[in-house]
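Structure record follows, encoded as structure tokens.
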There are 2 protein chains.
Amino acid sequence: MQEELSRNIKKILPLSGNALELFISKFKPLSLKKSEHFIRQNQIHSKIGFILKGAMICYYLKDGGEFVEDFSFESEFVSDYFSILNNIPAQKNIRCIEDTDLAVIDYKDILELYGKNSIAERVGRIIAEGLFMRWQQKHKSFLLEDAMMRYQKLSDKNPELIQRVPQYLLASYLHVQPETLSRIRRKIALG
Amino acid sequence: MQEELSRNIKKILPLSGNALELFISKFKPLSLKKSEHFIRQNQIHSKIGFILKGAMICYYLKDGGEFVEDFSFESEFVSDYFSILNNIPAQKNIRCIEDTDLAVIDYKDILELYGKNSIAERVGRIIAEGLFMRWQQKHKSFLLEDAMMRYQKLSDKNPELIQRVPQYLLASYLHVQPETLSRIRRKIALG
DNA sequence: ATATTTCATTGACATAGGTCAATAAAAATA
DNA sequence: TATTTTTATTGACCTATGTCAATGAAATAT
């Protein structure tokens, strides 16, 4: 697993040599079946997963309903980073929507790395900056675009996702009802 | 200005001694009148302001309309950090809604600091983590709460803001029309 | 101080999206 | 493969919120 992990991590983080090896060595493999949870709301945890193969969703539970916040696929990290940083129980759920292989690291190992290796601190900053940008853009799209525009942009930018994800979850992610997404799709299909 | 700035920065960033002084020394004062812009969409820039006194809004222009993303007050930073990090022209506008005194630093000075001072990198990480958390929570509230709930939580958490900001801008921030916010307020007042 | 402009409120009405129910299609399971 | 469960589509209807217009209040400028 470590070789595959190393190869994939190198692609997305500016790490090499000693720092990379030290980082990689802390990961442990974890395989989950479709519909199994990696993290559940209210659970204490500090784990961060890296997806080697598979697909997952992050969602909030509210009034018995699921509100999808995000999808994650190969070579992406999954965690409730907010709750880890604040040292509080998970605020959200992370569940597999396909059989999934993960490499899992504990946040305390990352904190240790921050102490040991000066490059780690910089990588931590760059990751956090990336997360900030991603979430700001997400908020921007909710502020400026309606559901149809969000759907069209998503299917332009990430057509695979549309295929890979059930439509009722995609609807939740776009913040409309499944019926509404179905009507949006029909409207687009007709032109 | 530097003394006042130093006092305020100390409150919000884990900086002291040399690192603090070095950081503070790079700021330049700037005073803007109500309705003047600090940053305009499409403009090239790399400045970050720290509000000493006053109030500002960040907003996007789309189809001639203003979409308010955020308000900022004393002891808060304002910038289009996204465009700075990506080295692209500003994506948004930042304008004073009161006469405002700023201390302004250029991002290149911060980059320099990252090289010189190991603590700076950590502060940069912590700031970015804070930004990530803030924007993720903002997105979460749009996903889980309606405009009335968002208004109520905001006025509980930040009653001063409600007083200080014109209602039509607050409406835009909550992503409803001014008429709708007016009706939300009436509904709440009646119970 | 007065005039002018901007902002907040309210009503009437239109419309997008939500809800509920039925059916069809697809996927999972036996 | 057959059966059952889950998901997608469609129609009818309802409710939220947007739009437009009028009025009054507040802020700003002269």
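Each chain gets a letter, A, B and so on, in the order its sequence line appears, and its residues count up from 1.
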For each nucleotide in nucleotides 15-30 of chain C, reading 5' to 3', give B when a protein heavy atom comes within less than 4.0 Å of its base, S when such contact involves only the sugar-phosphate, and - otherwise.
--SSBB-------S--

Using whole Å, what does the distance between atom P of nucleotide C:dT6 and atom CG of B:Leu169 come to?
14 Å

In terms of side-chain heavy atoms, does B:Arg185 have a donor or acceptor partner in B:Tyr151 at a distance below 3.5 Å?
yes

For C:dA25, the Watson-Crick or wobble partner whose two distances fall under 3.5 Å:
D:dT6

B:Tyr168 has an atom OH; how far is it from atom C1' of D:dA25, in whole Å?
16 Å

B:His45 versus B:Ser79, side-chain donor and acceptor atoms under 3.5 Å:
no

Would you mind calling D:dA27 syn or anti? Take O4'-C1'-N9-C4 for purines or O4'-C1'-N1-C2 for pyrimidines, and syn is within 90° of 0.
anti

Just the rounded figure in Å: distance from C1' of D:dT7 to CG of A:Leu181.
12 Å

Base partner of C:dT6, which must satisfy Watson-Crick or wobble distances under 3.5 Å:
D:dA25

For atom CZ of A:Arg185 and atom P of D:dT7, their distance in whole Å:
15 Å

Is any side-chain heavy atom of B:Lys34 closer than 4.5 Å to one of B:Ile97?
no

Over 60° means perpendicular and under 30° means parallel, so tell me whether A:Phe50 and A:Phe27 are parallel, tilted or perpendicular.
perpendicular

Whole-Å distance, A:Ile97 CD1 to D:dT7 C1', equals 14 Å

Would you mind reading off the distance between B:Met149 atom CE and D:dA16 atom P, rounded to a whole angstrom?
15 Å

Test item: A:Lys92 and A:Phe82 side chains (from C-beta on) under 4.5 Å apart, heavy atoms
no

Does the side chain of B:Gln91 pick up a donor-acceptor pair with the side chain of B:Tyr60 at under 3.5 Å?
no

Mind listing the side-chain donor-acceptor pairs of residues 113-123 of chain A below 3.5 Å, one per line with the distance, residues two or more places apart or on another chain?
| from | atom 1 | to | atom 2 | distance (Å) |
| --- | --- | --- | --- | --- |
| A:Asn117 | OD1 | A:Ile119 | N | 3.0 |
| A:Glu121 | OE1 | B:Arg122 | NE | 2.9 |
| A:Glu121 | OE1 | B:Arg122 | NH2 | 2.8 |
| A:Glu121 | OE2 | B:Arg125 | NE | 2.3 |
| A:Glu121 | OE2 | B:Arg125 | NH2 | 2.7 |
| A:Arg122 | NE | B:Glu121 | OE1 | 2.9 |
| A:Arg122 | NH2 | B:Glu121 | OE1 | 2.8 |

Roughly, in whole Å, what's the span from CG in B:Leu170 to P in C:dA8?
9 Å

Counting only side-chain heavy atoms from C-beta out, which of D:dA8, C:dT9, C:dG11 sits nearest to B:Arg186?
C:dG11

